[in-house]
Asks: 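The following block contains the structure, expressed as structure tokens.
Bear in mind that the values here come from a model prediction, so they are computed numbers and not experimental data.
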Amino acid sequence: MSTASERLTDALYGLGWATVRKLPEPVAAGLGRRIADTAWKRRGQGVLRLEANLARVVPDASPERLAELSKAGMRSYMRYWMESFRLPSWSAERVARSVDIKDIHHLTDGLAAGRGVVLALPHLANWDLAGVWATRVLGVPFTTVAERLKPESLYDRFVAYRESLGMEVLPHTGGSAFGTLARRLRSGGLVCLVADRDLSSSGVEVDFFGERARMPGGPALLAQHTGALLLSATLWYDDPATMRGRVHPPVDVPESGTRAERTSVMTQALADAFAAGIAEHPEDWHMLQRLWPADLDPAKGPK
């Protein structure tokens with residue numbers, strides 16, 4: 001049974017998908033900024049957590065600078081939502097002129113070689129828009145994994161939305177995702193995973209902005225298990241009309257060490273690429289949740 005709060009959340013998302021896409025684009029963009037600024041002024045847990053996370057990314061920032069970054073971050077976050085609500089109605093031409101990805105040859109060369117490719121991304125800018133660009137502009141379908149949201153109807157809504165954009169979506173829980181992803185990779189396919197936040201209790205320990213954090217080991221394990229190429233990508237908003245990105249060089253499987261040791265080295269390489277992209281564009285990192293284990297003590301601040 002879903003709670004009243006969960007049902008309200010589902011209803012609000014449904015309202016967004018039903019109405020925002022019908023608004024004139026300048027009106028939708030202005031609405032997103034107003035919602036972001038209102039949320040930022042209220043200083044809720046999400047905004048406070050965002051600022052605490054950004055304090056690690058920009059350790060020398062003054063309180064005033066952190067406030068500026070968190071305000072810009074909330075605007076970036078709402079831009080993600082406003083774009084996402086409208087993406088199903090975007091043409092391939094509109095997607096093509098809205099996205100510019102550097103060094104895409106790392107991805108296309110890997111797929112052309114028939115190896116299969118695992119592409120890992122952090123929560124930067126609009127990963128859904130990047131996915132639509134892959135399916136509609138590159139013509140490359142891919143498989144991804146989604147966190148199970150509550151209520152179930154909201155999760156179903158997200159799955160239907162992403163499938164309408166050309167993605168195959170698997171649930172994060174249930175135990176069968178890894179096997180399906182491995183089969184897709186062995187057949188030369190593309191798997192895209194948002195991988196800067198561990199959703200399990202078995203994440204890999206990494207150094208992230210000078211402090212211990214945990215990230216999912218799935219991308220590295222899949223690459224080892226299937227022989228697929230492991231890549232990372234980072235995204236950022238450049239102007240009101242364009243999202244840019246970069247595909248980073250491949251992460252090689254170490255020649256020696258246990259599987260756990262190889263996974264640790266490869267996951268650290270992903271974390272380093274994520275950190276470089278986040279440090280360049282901290283305002284586009286949509287991390288409003290706890291990430292570092294040091295923050296998991298409820299007495300230490302916002303959730």
Asks: For Asp284 and Tyr77, test the side chains for any donor-to-acceptor distance below 3.5 angstrom and give the result as yes or no.
Replies: no
Asks: Return yes if a side-chain donor-acceptor contact under 3.5 Å exists between Glu205 and Ser264, otherwise no.
Replies: no
Asks: Could you check whether the rings of Trp236 and His281 sit parallel, tilted or perpendicular, using 30° and 60° as the cut-offs?
Replies: parallel
Asks: Take Leu50 and Met74 through the test side-chain contact (heavy atoms from CB on, under 4.5 Å) and record every step on the way to the result.
Replies: CA-CA 9 Å; Leu50 177 62; Met74 291 304 295; 4.1 Å; yes
Asks: What is the distance from atom CG of Asp272 to atom CG of Asp207, rounded to the nearest 0.5 Å?
Replies: 7.5 Å
Asks: Contact between Glu51 and Trp40 at the side-chain level, heavy atoms closer than 4.5 Å - yes or no?
Replies: yes
Asks: To the nearest 0.5 Å, what is the distance between CD on Gln45 and CG on Leu288?
Replies: 11.0 Å
Asks: How many angstroms lie between CE in Met287 and CG in Leu54, if you round to the nearest 0.5 Å?
Replies: 10.5 Å
Asks: With the side chain counted from C-beta on, respond yes when Arg43 and Ser70 share a heavy-atom pair under 4.5 Å apart, and no when they do not.
Replies: yes
Asks: Say you draw a straight line from OH of Tyr161 to OG of Ser84; how long is it, rounded to the nearest 0.5 Å?
Replies: 3.5 Å
Asks: Between atom CG of Leu119 and atom CZ of Phe142, what is the distance when rounded to the nearest 0.5 Å?
Replies: 9.0 Å
Asks: Is a side-chain donor or acceptor of Asp198 paired with a backbone partner of Met215 at a separation under 3.5 angstrom?
Replies: no
Asks: Among Val57, Val58, Asn53, whose side chain to side chain contact (heavy atoms under 4.5 Å, CB included) with Phe209 holds?
Replies: Val57
Asks: Counting C-beta onward and ignoring hydrogens, is there a side-chain heavy-atom pair between Arg75 and Arg79 closer than 4.5 Å?
Replies: no
Asks: Val169 versus Thr143: any side-chain heavy-atom pair under 4.5 Å?
Replies: no
Asks: Go through the side-chain N and O atoms of Gln224 and Arg262 and say whether any donor and acceptor fall under 3.5 Å apart.
Replies: yes
Asks: State, yes or no, whether a side-chain contact exists between Val47 and Arg42 at a heavy-atom distance under 4.5 Å.
Replies: no
Asks: Determine, for Asp128 against Arg162, whether the closest basic-nitrogen to carboxylate-oxygen distance falls under 4.0 angstrom.
Replies: yes
Asks: Kindly indicate whether the side chain of Arg136, heavy atoms from C-beta on, has any atom under 4.5 Å from the side chain of Leu165.
Replies: yes
Asks: Quick one: does Lys71's side chain get under 4.5 Å of Lys41's, heavy atoms only?
Replies: no
Asks: Any link between Val265 and Val204 through a network of hydrophobic side chains (Ile, Leu, Val, Met, Phe, Trp, Tyr) touching at under 4.5 Å?
Replies: no
Asks: Would you give the length of the straight line joining atom CD1 of Ile35 to atom CE of Met78, rounded to the nearest 0.5 angstrom?
Replies: 4.5 Å
Asks: Scan the side chains in residues 182-192 for donor-acceptor partners under 3.5 Å anywhere in the protein, sequence neighbours excluded, and list what turns up.
Replies:
{"from": "Arg183", "atom 1": "NH2", "to": "Thr180", "atom 2": "OG1", "distance (Å)": "3.1"}
{"from": "Arg184", "atom 1": "NE", "to": "Glu168", "atom 2": "OE1", "distance (Å)": "2.8"}
{"from": "Arg184", "atom 1": "NH2", "to": "Glu168", "atom 2": "OE2", "distance (Å)": "2.8"}
{"from": "Arg186", "atom 1": "NH2", "to": "His225", "atom 2": "NE2", "distance (Å)": "3.2"}
{"from": "Ser187", "atom 1": "OG", "to": "Arg183", "atom 2": "O", "distance (Å)": "3.4"}
{"from": "Ser187", "atom 1": "OG", "to": "Arg184", "atom 2": "O", "distance (Å)": "2.8"}

Asks: Do Trp90 and Val132 have side chains that approach each other closer than 4.5 Å (heavy atoms only, starting at C-beta)?
Replies: no
